[in-house]
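Report on one structure; see the data block that follows.
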Amino acid sequence: MIQLDNLSITKNGADILRDVSLKFGQGGITALIGPNGAGKSTLLNAIAGLITPSQGSVTVEGCDMIRARPPERASHVALLAQNEQVTARLTVRDLVSFGRWTHHKGRPKDEDHRKIEESIEAFDLVTLADRRLDELSGGQRQRAFVAMAWAQETPWLLLDEPLSALDPRHVRDIMDRLHALTRPGENQRSVVIVLHDLSVTARYADRIVALKNGQLVTTGPRVLAMTGPMLSDLFGTGLAIERFGGRDVVVPC
């Protein structure tokens, strides 16, 4: 379970998050939505324990993420931040192997190599494993970064705008894979993801956390909490949820 109690974060005298309290359990995809500047990325970094709040607490599976040491935090969450920078000369396998560092500390064992290959396969990177990152398309490269975070083998995967600048085919490819890997089963994981595409949110999210001006607007199962009136108020423009081809789609109104 992720639980935040009265979380507030101030930066340079400005309130980035104010009195955010929420909790949700493992499983599925949780989408963080809201307008630019709402505090979504800050919230994700706070969950990862990378930001010290001005007040409040953050726990993940009972671990106090504010006070925990980095190795303990890394056993609970894997964070893929925006615009991750690595040398282009790395191969896909090299990149994915970074996700196992917290397990082997530079001395990989057979289990680590097995998990690396499993992550490569899970994100359809087998034929690209020995290719350099600068030889890949944007969508292929982003899949490799997500696979790196997945290889960390944590209960929670935190993704900050991983779909940015991807074309619709690559968006669907990544989200289909994340959706499948977060379904109930022996190896189920939980994903918290910052999303801007509301139709992608409507299609894939199991629950939402909506933020505006650093405050929590609503949270809950997506089918209940994500409504046209809520979205219209959240983004300050008319939005409606329509059914098309058996799926919910968000459209302007």
Side-chain angles (χ1 to χ4, degrees), residues 2 4 6-22 24 29-56 58 77-85 138-139 141-142 145-146 149 156-168 170-172 174-175 178 191-222 225-242 248-253:
I2 288 178
L4 285 70
N6 302 117
L7 184 71
S8 293
I9 293 174
T10 302
K11 185 177 181 180
N12 298 326
D15 293 330
I16 310 300
L17 292 175
R18 288 180 288 169
D19 295 320
V20 175
S21 294
L22 62 89
F24 47 88
I29 295 175
T30 299
L32 304 186
I33 64 172
N36 292 336
K40 303 182 294 297
S41 295
T42 299
L43 180 62
L44 206 67
N45 279 275
I47 293 173
L50 301 181
I51 297 177
T52 301
S54 52
Q55 72 170 39
V58 180
V77 303
L79 172 67
L80 181 61
Q82 294 184 44
N83 303 317
E84 291 278 7
Q85 299 293 324
R141 195 158 48 243
Q142 196 64 5
F145 276 106
V146 176
W156 292 91
L157 184 62
L158 312 179
L159 304 175
D160 194 356
E161 298 188 45
L163 310 181
S164 177
L166 296 186
D167 63 37
H170 288 114
V171 167
R172 182 172 182 175
I174 288 179
M175 292 306 300
L178 289 174
V191 168
V192 183
I193 181 172
V194 175
L195 290 176
H196 282 291
D197 189 322
L198 296 176
S199 290
V200 170
T201 303
R203 178 171 182 172
Y204 292 102
D206 298 290
R207 65 180 72 88
I208 65 164
V209 174
L211 297 170
K212 185 176 184 178
N213 297 326
Q215 293 183 296
L216 180 66
V217 172
T218 189
T219 184
R222 188 263 308 161
M226 190 171 170
T227 66
M230 186 278 290
L231 292 175
S232 297
D233 180 68
L234 183 67
F235 290 95
T237 189
L239 295 168
I241 300 177
E242 303 288 349
D248 288 337
V249 178
V250 179
V251 297
C253 63

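Both backbone and side-chain heavy atoms feed into the values below; hydrogens, waters and symmetry mates do not.
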- Query: Does G56 offer a backbone N or O that forms a donor-acceptor pair with the side chain of N6 under 3.5 Å?
  - Reply: no
I193 side chain reached by P162 side chain, heavy atoms, under 4.5 Å:
yes
Heavy atoms of V200 and M175 approach each other most closely as CG1-CG, 4.0 Å
Value for CG (L157) from CD1 (I29), rounded to nearest 0.5 Å, stands at 10.0 Å
By side chain to side chain contact (heavy atoms under 4.5 Å, CB included), S8 pairs with (sequence neighbours left out) D19, S54, Q55
Rounding to 0.5 Å, atoms CD1 (I9) and CD1 (I51) come to a distance of 4.5 Å
Residue set satisfying side chain to side chain donor-acceptor pair (under 3.5 Å) with S41, at least two apart, ordered chain then number -> Q82, D160
To the nearest 0.5 Å, atom CE of M226 lies from atom CG of L198 at 5.0 Å
CG (L4) and CG (L216) are apart, to the nearest 0.5 Å, by 9.5 Å
Here the gap from Y204 atom OH to L195 atom CG, rounded to the nearest 0.5 Å, amounts to 11.0 Å
Side chain of Q142, backbone of L163: donor and acceptor closer than 3.5 Å?
no
Throw together a table of side-chain donor-acceptor distances under 3.5 angstrom for residues 30-40, partners on residues two or more places apart or in other chains.
unit_1 : atom_1 : unit_2 : atom_2 : d
T30    : OG1    : R207   : NH1    : 2.6
K40    : NZ     : G34    : O      : 3.0
K40    : NZ     : P35    : O      : 3.0

Here the salt bridge (charged side-chain N to carboxylate O under 4.0 Å, His left out) pairs for residues 213-222, sequence neighbours left out, are R222-D248
Smallest heavy-atom separation, L211 atom then V217 atom, equals C-CG2, 4.2 Å
On a heavy-atom basis, the closest approach of M230 and A210 is SD-CB, 4.3 Å
Sequence neighbours excluded, the answer for side chain to side chain contact (heavy atoms under 4.5 Å, CB included) partners of S199 is D197, V249, V250
Residues passing the ring pair (Phe, Tyr, Trp, His ring centres under 6.0 Å) test with F24, sequence neighbours excluded, are W156
